[in-house]
Structures are given as structure tokens and as C-alpha cells.
Amino acid sequence: MTIAVPATPALHARIPGSKSLTNRALLLAAAADSTSALGAPLVSDDTTAFREALSGLGVRIDPCDDDSVWNVTGLGRGPVGTGTAWCADAGTAARFLPPFAATGHGDFGFEGSDQLTARPVAPLADALRRLGAEVTTGPGGRLPLRVRSQGLDGGALTVDSTLSSQFLTGLLMAGPLMRRPLALTVPQLVSRPYIDMTIALMRRFGAEVDEAAPGEFTVRPTGYRGADMPIEPDASTASYVFAAAAITGTSVRVPGLGRGSLQGDLRFTEVLARTGARVETTDEATTVTGTGAFRGGFTVDMGEISDTFMTLAAIAPLADAPITVNGIGHARLKESDRIAAVEGNLRALGIRTETGRDWITVHPGTPAPARVACHRDHRIAMAFSVLGLRAEGITLDDPGCVAKTFPGFHEELHRLFPRHSVPTAGSSRP
Ligand SMILES: O=C(O)C1=C[C@@H](OP(=O)(O)O)[C@@H](O)[C@H](O)C1
Ligand SMILES: C=C(OP(=O)(O)O)C(=O)O
């Protein structure tokens, strides 16, 4: 006789809006010739920095219904005037806003935290100079960046986007505001799915952008039309609750993140499927169910979805064989050197690792209690919090750094998995 075991109902995770969609939509709405409504935008440090920087450039953004909608009154062109924008830790602000400013008329500065200042912007500054803007940067071609411009003509340009796809996104989004068509040749590119996201959003706001051959982009000088846009939940953020499901044998469903998603990072679920988790994606939602198995013994290229490699690497000690992640050299240029940060923390937990310029191998093992060094990197904090669901004594030295993209992370992880304790204000736990 078989006894039917009732399936445990899936836990419904409340994942906030996508940072990448929110900040793109903000910029496109700011450039549009009418108003736009952004539904369910992300409210976090990165989007606040982006919003405030746009306000400083003269764009009106009115939050309604407790931040569930942001109404943006577009300028219908680039900004005019003079001012300095604070980009905080947000790579998207430092890389998307200067090209937009260069399509306007005036003198605009962009500054950021020490962490952001350590990250590259030189290829973007170089591209803007070749398009006719006067651009200065700080030492080593980094922030602070200053743009003096009388609008951009457009034309043909080869762009180096090997360190970050955000340079190309910034230039593409500025294209419709130029006086003539913009033709960009990009021989090599990292994080490709973010470019597909950029193109999809530009089209929603009325732009004409094409990729006639791989790496050959053309943008016509059409300007943008206002559009109403609901923002999907953030797929990179969802990786933490999906990973938590996989290692705890539970089922977690993220509504609003379905088959038509614009976010490449949803492909993290394919990586989890290789470990033995069950993944179901419908038009409306994605559900990951842990099966009890957590298989290793594979190598996976996560170059296109590198924000999620730490989610896998942090839980990899629980697998039954080593896991190697490769193609992630550019992850050394983010909020932290993420390969070094993951390796340092796993070693502190007593886990064997090997690394190279663009890869890491994590061996199975039982994590020992240790304090995780977050390096003020939200993803290090969130990834190791997930491991803490299956390992004793893991604490974070800076739990609050999750505010970059998910201020309520600890509360939501605790709601779904009560074992995760919420840090008290000002404390360095859990
Ligand atoms: O365009 C975007 O919204 C992003 C692109 C990616 O950066 P890189 O292109 O630098 O890899 C990603 O890591 C970042 O979190 C967001
Ligand atoms: C790399 C990231 O952010 P940024 O937009 O600052 O590049 C990230 O969120 O993982």
C-alpha cells in the first residue's frame, strides 16, 4: 500500500522590485516627453541614490500610495544646468547617469562612496569623449567624473564593455536623445542578459534599437515616450530564498517572477536544478523545491549571471562533491572583490577552496562557526545568511549592508525560515 504524502504548500516569498529594472525605468521615464508611472519600484539605497541624483538633474519624481507607484515627469530631453550628483554605492547610477547628462546642456558632476570610487568608469568616460563631451575623471580614470556637454551628435563608436555591461547600457539608453543615429560596435561583452533587459525597456519607452549582428547596435534619434511600467520582483534577490528552499528541503514560490521575466538572473534556478532541486516556472511565478539531495560534482559558467554566483558558492559546502564556478572575473570589480570575499569567508568557516582569476572551486565540508566579513557587500551578507540556515554559529559583521537592494532581507528570511534571527538595530548579528 502506498500512502499519499500531502505536498507541503509552498512558502510565498515577498521579494522587492528589481534594482536593474527600477533604475533603468527611472532614467527612461526621466528622458521621456510625458509622464510615466512605475509600479512596485524597489525602495532601497541604490534606487534612492538614483532617484535623488535624477531629482538633482531637474527630474520630478512623485511617490504615491506609500511608494507603491512613482510618477515621473519626463524632461523630453537631457538635463540642462549645472550640479553634482551623489551616486553612493550604486554602479548603475555612476554608469547610466553620465551619458544621459552628456545628451543635455551643462556641467554635471558624479561622485560616489569610496567603494564606488574604486570601481571602473574609464571606458565610459573614454566613449563619451569620443562622442564629443568634455569629460574629466579622478585619479586612475575613476570617480569623480565631470561631464561638460552641449548635447551629443551620435555617430559610430567601438565600446569596451569587458569590465562591465553597465557602460554599454548607459550609452545605449542615451542614444535616442542624440542628434543623429548612434552605432555601437562591442567586440566583447560581460553580463549579456542585462543588455537584453536594456533593449527591451528602451523599446517599451518608444525607442528604436537594433542589433543587426552580434555586438553591432544601432539606436535611432527618436527620443522617448512616457510609459507605465510594473517592476518585476528582483531575480538576483530571489536567488537567496530559492537557495534556502534547496538546502532546507522546503518549497518557496516567488509570484511575479515567471516565464516572461526580463531578468537573466532567474536562470540561477537552472543551476539549482543541477544540484537536485525541483524548479517550476509558470507565466506567473517560479517555485523551487528542495528534494533532500544536494548534488555537486559539476562546473558551471556563471559569467552572465554573476550576481548569483555567491549564492551558489556559499551553500556549495553542503553538496556531496566539489562545485566549480567559472567565467566570473568581472565579479572582482563589484561592491567587493567577490571571488576573494567568498574564498576568505569560506576558509574562515573551515571550508577548502581553490580560486583563479575568474573561477572558484568549493569543496564539501561542515562549516565551523565564524563571523562573516561582509565587505559592505549586500550579496555577501545575504548569501552567507542562507548558509546559516544549515550551519551553526554563522554571524555577519555588517548585517545592515543588505539595504543596498533589500532593506527588509533579515525580516523576510526570518518570516520564511524562523531559524534566521533578525539583527537588532545597531548590532552586528546575526
Ligand atoms: O545593468 C545592471 O543593472 C547590472 C549589471 C551587472 O553589472 P556588470 O555589467 O558590471 O556585470 C550586475 O552585476 C549589476 O548588479 C546590475
Ligand atoms: C554589482 C551590483 O551592483 P551595482 O549596480 O552597484 O553594479 C550588485 O547589485 O550586485
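For ligands, and for the atoms within them, numbers begin at 1 and follow the listed sequence. Throughout, residue positions are numbered sequentially from 1 according to the sequence presented.
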Checklist entry - Salt bridge or not for Arg415 and Glu411, using N-O below 4.0 Å? => result no

Checklist entry - Is any side-chain N of the basic residue among Arg379 and Asp265 closer than 4.0 Å to the acidic one's carboxylate O? => result no

Checklist entry - Got a sec, which pairs hit salt bridge (Lys or Arg N to Asp or Glu O under 4.0 Å) with one end in residues 15-24, sequence neighbours left out? => result none

Checklist entry - Under 3.5 Å between some N or O of ligand 2 and some N or O of Gly91? => result yes

Checklist outcome for this item: closest protein heavy atom to atom 9 (O) of ligand 1 is Ser165 OG, 2.5 Å

Next on the checklist: When you compare the side chains of His363 and Glu354, does any donor N or O come within less than 3.5 Å of an acceptor on the partner?
Outcome noted: yes

Next on the checklist: What I want to find out is whether Asp153 reaches Arg179 closely enough, with some N-O distance under 4.0 Å, to be called a salt bridge.
Outcome noted: yes

Checklist entry - Among all protein non-hydrogen atoms, which one is nearest to atom 7 (O) of ligand 2, and what is the separation to 0.1 Å? => result Arg119 NH2, 2.7 Å

Item to check | N or O pair under 3.5 Å between Arg338 and ligand 2 | outcome: yes

Item to check | Per-atom contacts, ligand 2 versus Thr92 - under 4.0 Å to a heavy atom | outcome: 5 (O)

Next on the checklist: Quick one: does any side-chain atom of Asp397 pair with a main-chain N or O of Cys374 as donor and acceptor, under 3.5 Å?
Outcome noted: yes

Next on the checklist: Quick check: Lys19 and ligand 2, any N/O pair under 3.5 Å apart?
Outcome noted: yes

Next on the checklist: Please tell me whether Thr218 and Asp210 have a donor and an acceptor in their side chains that are separated by less than 3.5 angstrom.
Outcome noted: no

Checklist outcome for this item: shortest atom 1 (O) of ligand 1-to-protein heavy-atom contact is with Arg24 NH2, 2.7 Å

Next on the checklist: So if I count the atoms of ligand 1 from 1 in the order they appear, which ones are less than 4.0 Å from some heavy atom of Phe96?
Outcome noted: 1 (O)

Checklist entry - Which atoms of ligand 1 have any heavy atom of His330 under 4.0 Å away? => result 11 (O)

Checklist entry - Which residue supplies the protein heavy atom nearest to atom 10 (O) of ligand 2, what is that atom called, and how far is it? => result Arg379 NE, 2.6 Å

Checklist entry - Would you find a donor on one side and an acceptor on the other, under 3.5 Å apart, between the side chain of Ser36 and the backbone of Ala227? => result yes

Item to check | Check: Thr222/Glu208 side-chain N/O donor and acceptor closer than 3.5 Å | outcome: no

Checklist entry - Considering only heavy atoms of Lys404, which atoms of ligand 2 have at least one such atom less than 4.0 Å away? => result 3 (O), 4 (P), 6 (O)

Item to check | Nearest neighbour in protein (non-hydrogen) for atom 2 (C) of ligand 2 | outcome: Glu335 OE2, 3.0 Å

Checklist entry - Is the shortest side-chain N to carboxylate O distance from Asp307 to Arg338 below 4.0 Å? => result yes

Checklist entry - Taking N or O atoms only and a 3.5 Å limit, does Lys334 qualify as a polar contact for ligand 2? => result no

Next on the checklist: Using heavy atoms and a 4.0 Å limit, tell me yes or no: is Met197 in contact with ligand 1?
Outcome noted: no

Checklist entry - Side chain, backbone, both or neither: which part of Leu116 has a heavy atom under 4.0 Å from ligand 2? => result neither

Checklist outcome for this item: Quick note on ligand 2: atoms under 4.0 Å from a heavy atom of Asp89 include exactly 6 (O)

Checklist entry - Can you check whether Glu304's main-chain N or O pairs, donor with acceptor, with Arg192's side chain at less than 3.5 Å? => result no

Checklist entry - Are the side chain of Asp107 and the backbone N or O of Thr82 linked by a donor-acceptor pair below 3.5 Å? => result no

Item to check | Which residue and heavy atom of the protein sit nearest atom 4 (C) of ligand 1, plus the separation | outcome: Gln166 NE2, 3.3 Å

Item to check | Which of the ligand 1 atoms, numbered from 1, are nearer than 4.0 Å to a heavy atom of Lys19 | outcome: 14 (C), 15 (O), 16 (C)

Checklist entry - How far is atom 7 (O) of ligand 1 from its nearest protein heavy atom, and which residue and atom is that? => result Lys334 NZ, 3.2 Å

Checklist entry - Atoms of ligand 1 less than 4.0 Å from Thr92 heavy atoms? => result 3 (O)

Checklist entry - In the protein, which heavy atom is nearest to atom 3 (O) of ligand 1, and how far is it? => result Ser20 OG, 2.6 Å

Checklist entry - Which of these, Phe205, Tyr224, Phe100, sits in a side chain to side chain contact (heavy atoms under 4.5 Å, CB included) with Met173? => result Tyr224

Checklist entry - Near Gln166, which atoms of ligand 2 are under 4.0 Å from a heavy atom of that residue? => result 4 (P), 5 (O), 7 (O)

Item to check | Among Asn23, Thr198, Leu168, Asp307, closest by any non-hydrogen atom to atom 15 (O) of ligand 1 | outcome: Asp307

Next on the checklist: When you measure from the side chain of Arg146 to the backbone of Thr136, do you find a donor-acceptor pair of N or O atoms at a distance under 3.5 Å?
Outcome noted: no

Next on the checklist: If the condition is side-chain contact (heavy atoms from CB on, under 4.5 Å), which residues does His330 pass it with, not counting sequence neighbours?
Outcome noted: Val190, Ser191, Ser306, Lys334

Item to check | ligand 2 contact on Asp307 by region, counting heavy-atom pairs under 4.0 Å | outcome: side chain

Checklist entry - Numbering the atoms of ligand 1 from 1, which are under 4.0 Å from a heavy atom of Ser191? => result 8 (P), 9 (O), 11 (O)

Checklist entry - Out of Pro193, Ala90, Ser18, Ser164, whose heavy atom is nearest to atom 10 (O) of ligand 1? => result Ser164

